[in-house]
Amino acid sequence: MPKKMNIPNVTHTDTDRLMTTRELAEMLKVSQNAIDRDRMIGGGVYPTFIRIGEKSIRYRLSTVNSWMNNQQEQVQTQPRQ
């Protein structure tokens with residue numbers, strides 16, 4: 001009989017959901033190419049990503065939400081001229 005492993009239960013929440021580049025592009029109303037280009041050159045314009053295997057790129061919804069909140073704060077704190 002195989003030995004049972006004591007693996008903790010993982011609870012998935014909506015903010016843990018992983019998004020594709022296409023879903024992120026649709027959410028941000030930008031092209032997938034812009035996101036891909038930024039990721040490849042390391043521009044850091046868009047949210048950080050997770051690489052699954054060699055080719056799959058995903059974005060955690062909670063990271064995207066946090067990134068969007070930070071973008072909003074930066075716009076609000078810029079001085080008016």
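Counting begins at 1 with the first residue of the sequence.
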Euclidean distance, Leu61 CG relative to Leu24 CG, rounded to 0.5 Å: 10.0 Å
Flag, side chain of Glu26 to backbone of Glu23, donor-acceptor distance under 3.5 Å: no
Interatomic distance, Leu18 atom CG to Ser62 atom OG [nearest 0.5 angstrom]: 9.0 Å
Residue pair Ala25 / Ser31: nearest heavy atoms and the distance that separates them: CB-C, 4.0 Å
Nearest-0.5 Å distance that lies between atom CG in Leu28 and atom OH in Tyr59: 9.5 Å
Heavy-atom closest contact (Arg60 atom, Asp16 atom, distance): NH1-O, 3.6 Å
Side chain to side chain contact (heavy atoms under 4.5 Å, CB included) assessment of Ile35 paired with Gln32: CA-CA 5 Å; Ile35 296 171; Gln32 283 182 245; 5.8 Å; no
Atom pair CD1/CD1 of Ile52 and Ile57 - distance to nearest 0.5 Å: 8.5 Å
From Phe49 atom CZ to Asp38 atom CG, the distance as rounded to the nearest 0.5 Å: 9.5 Å
Value rounded to 0.5 Å, distance of CE in Met27 from CG in Asn65: 5.5 Å
